[in-house]
Amino acid sequence: MLPTCATFHDLSCYAKSSLTVVLPVLESMGIETCPLPTALLSTQTDGFDSYYFHDTTSELEGILDSWKHLSLHFDVIYSGFLGSNHQVRLIMQFIAQQRKLGSPLVLVDPVLGDDAALYGPITDAHVEAMRTLVQSADIITPNTTEAALLLGLPYQEQFEEQDALSWACKLALQTGARVAITSVPLSGGYAVACYAEGEQFLVPYSPIDASYPGCGDLFASILLGNLLRKHSFQTSVIHAVTYTSLAIERTKQLGRERRLGVSPTLILPDLSLERAR
């Protein structure tokens with residue numbers, strides 16, 4: 001039996017991010033993925049002057065009510081962008097219901113902001129609600145901006161290694177989850193700062209002179225896929241860093257316009273081969 005994953009994220013109809021990254025990656029790694037769009041957009045938002053945005057909260061409520069009536073059970077829950085603090089409450093209720101039916105693995109990517117700023121639709125009430133949601137997670141994957149918001153600390157543009165590990169440890173103690181803080185800037189490059197099972201560690205990587213939307217979604221999806229293959233948390237983070245970096249490098253080599261986002265298509269054969277081993 002393939003594991004099934006309920007995936008909450010926004011759906012952009014043009015350019016790659018969120019569900020259009022998560023779906024192909026999880027499916028190529030052998031995970032049956034059931035998408036629940038939290039918003040519908042004409043394009044992903046980074047780099048486009050205007051875009052259509054439709055809040056799908058009412059549709060989300062209807063789908064979740066139907067699933068509850070059918071007593072559907074999922075092995076995995078992946079929560080990404082949530083368009084309001086009301087949606088956060090809906091996901092918390094869904095997690096609680098699913099845990100009455102079994103023991104789903106819950107990954108929360110607390111999508112709140114980047115580069116010291118909140119994303120457009122995110123409010124202070126949303127941030128406060130997200131601080132509660134991450135306490136229901138088994139794994140969280142914030143970037144440094146989101147880690148600062150969850151911890152109530154000032155944003156840092158640069159970290160010493162011990163400071164980065166301290167943030168990961170604090171988040172683990174606050175949430176009870178395994179933690180991977182992405183894109184942590186260090187004096188010698190970048191790293192993912194992690195805490196899991198009482199151990200803290202860094203996974204360093206060389207910076208690539210390119211940045212694309214969707215990289216955080218790609219990292220979290222590959223991490224989740226590896227955990228479901230029963231890899232350790234550290235090995236799963238290393239694989240996620242390796243393949244995310246590979247996707248960025250290949251997207252750059254392709255000469256792809258930045259606003260079109262990272263291309264998961266360029267690494268799907270690699271992920272499928274990895275799954276077959």
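Position 1 is the first residue of the sequence; numbering continues from there.
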Tell me the closest heavy-atom pair linking [X] and [Y], and the distance in Å.
X: A164; Y: I181; value: O-CD1, 4.4 Å
X: N85; Y: A125; value: CB-O, 3.8 Å
X: A147; Y: P142; value: N-CB, 3.8 Å
X: E197; Y: F233; value: OE1-CB, 4.3 Å

Please report the interatomic distance [atom1]([X]) to [atom2]([Y]), rounded to the nearest 0.5 Å.
X: L150; Y: L112; atom1: CG; atom2: CG; value: 6.0 Å
X: E160; Y: L165; atom1: CD; atom2: CG; value: 11.5 Å
X: D109; Y: E146; atom1: CG; atom2: CD; value: 6.0 Å
X: L82; Y: M92; atom1: CG; atom2: CE; value: 11.5 Å
X: I91; Y: S79; atom1: CD1; atom2: OG; value: 5.5 Å
X: S12; Y: F53; atom1: OG; atom2: CZ; value: 9.5 Å

Determine whether [X] and [Y] make a side-chain contact, defined as any pair of heavy atoms from C-beta on separated by less than 4.5 Å.
X: L151; Y: L149; result: no
X: L40; Y: D55; result: no
X: L107; Y: D138; result: no
X: L227; Y: R178; result: yes
X: Q162; Y: Q200; result: yes
X: L202; Y: V192; result: no
X: L105; Y: D75; result: no
X: L268; Y: P24; result: yes

> Going by an N to O cut-off under 4.0 Å, is there a salt bridge joining K16 and D46?
Replying inline: no
> Hey, is D270 close enough to R250 for a salt bridge, meaning N to O under 4.0 Å?
Replying inline: yes
In this structure, would [X] and [Y] fall into the same cluster of hydrophobic residues linked by side-chain contacts under 4.5 Å?
X: L153; Y: L118; value: yes
X: L133; Y: I77; value: yes
X: I63; Y: V76; value: no
X: V111; Y: V108; value: yes
X: L224; Y: V203; value: yes

May I ask you to decide if [Y]'s main-chain N or O and [X]'s side chain share a donor-acceptor pair within less than 3.5 Å?
X: T4; Y: F74; answer: no
X: T175; Y: A177; answer: yes
X: S28; Y: V25; answer: yes
X: S66; Y: G62; answer: no
X: T56; Y: T38; answer: yes
X: N143; Y: G113; answer: yes
X: T235; Y: S232; answer: no
X: Q44; Y: R259; answer: yes
X: D163; Y: F159; answer: no

Sequence neighbours excluded and cut-off under 3.5 Å, please list the side-chain donor-acceptor pairs for residues 205-219, or say none.
unit_1 : atom_1 : unit_2 : atom_2 : d
Y212   : OH     : K252   : N      : 3.4
D217   : OD1    : H9     : NE2    : 3.1
D217   : OD2    : S18    : N      : 2.7

Should we say atom [atom1] of [X] is surrounded by more than 12 heavy atoms from elsewhere, each under 6.0 Å from it?
X: Y14; atom1: OH; value: no
X: E274; atom1: CD; value: yes
X: Y190; atom1: OH; value: no

> Taking the six-membered ring for Trp, are the ring centroids of W167 and Y195 within less than 6.0 Å of each other?
Replying inline: no
> What about F8 and F94, are their ring centers closer than 6.0 Å?
Replying inline: yes
>> Side chains of T57 and Q87: any donor to acceptor distance under 3.5 Å?
In response: yes
> Do Q97 and H73 meet the criterion of a side-chain donor-acceptor pair at a distance under 3.5 Å?
Replying inline: no
> Listed by chain and number, what are the salt bridge (Lys or Arg N to Asp or Glu O under 4.0 Å) partners of E249, not counting sequence neighbours?
Replying inline: none
>> Quick one, T7 with L36, criterion side chain to side chain contact (heavy atoms under 4.5 Å, CB included). Give me CA distance, side-chain angles, the key distance, then yes/no.
In response: CA-CA 6 Å; T7 308; L36 291 95; 5.8 Å; no
> Residues in side-chain contact (heavy atoms from CB on, under 4.5 Å) with S263, at least two apart?
Replying inline: T251, R256, T265, L266
>> Angle between ring planes, H239 versus Y243, binned at 30° and 60°: parallel, tilted or perpendicular?
In response: perpendicular
>> For Q156 and T144: C-alpha separation, side-chain torsions, deciding distance, then whether side chain to side chain contact (heavy atoms under 4.5 Å, CB included) applies.
In response: CA-CA 8 Å; Q156 288 186 207; T144 52; over 6 Å; no
> Would C5 and E32 count as a side chain to side chain contact (heavy atoms under 4.5 Å, CB included) if you check the C-alpha gap in whole Å, the side-chain angles of each, and the deciding distance to 0.1 Å?
Replying inline: CA-CA 6 Å; C5 178; E32 292 280 3; over 6 Å; no
> Stepwise, does the side chain to side chain contact (heavy atoms under 4.5 Å, CB included) test hold for L41 with D10?
Replying inline: CA-CA 8 Å; L41 296 92; D10 62 283; 3.7 Å; yes
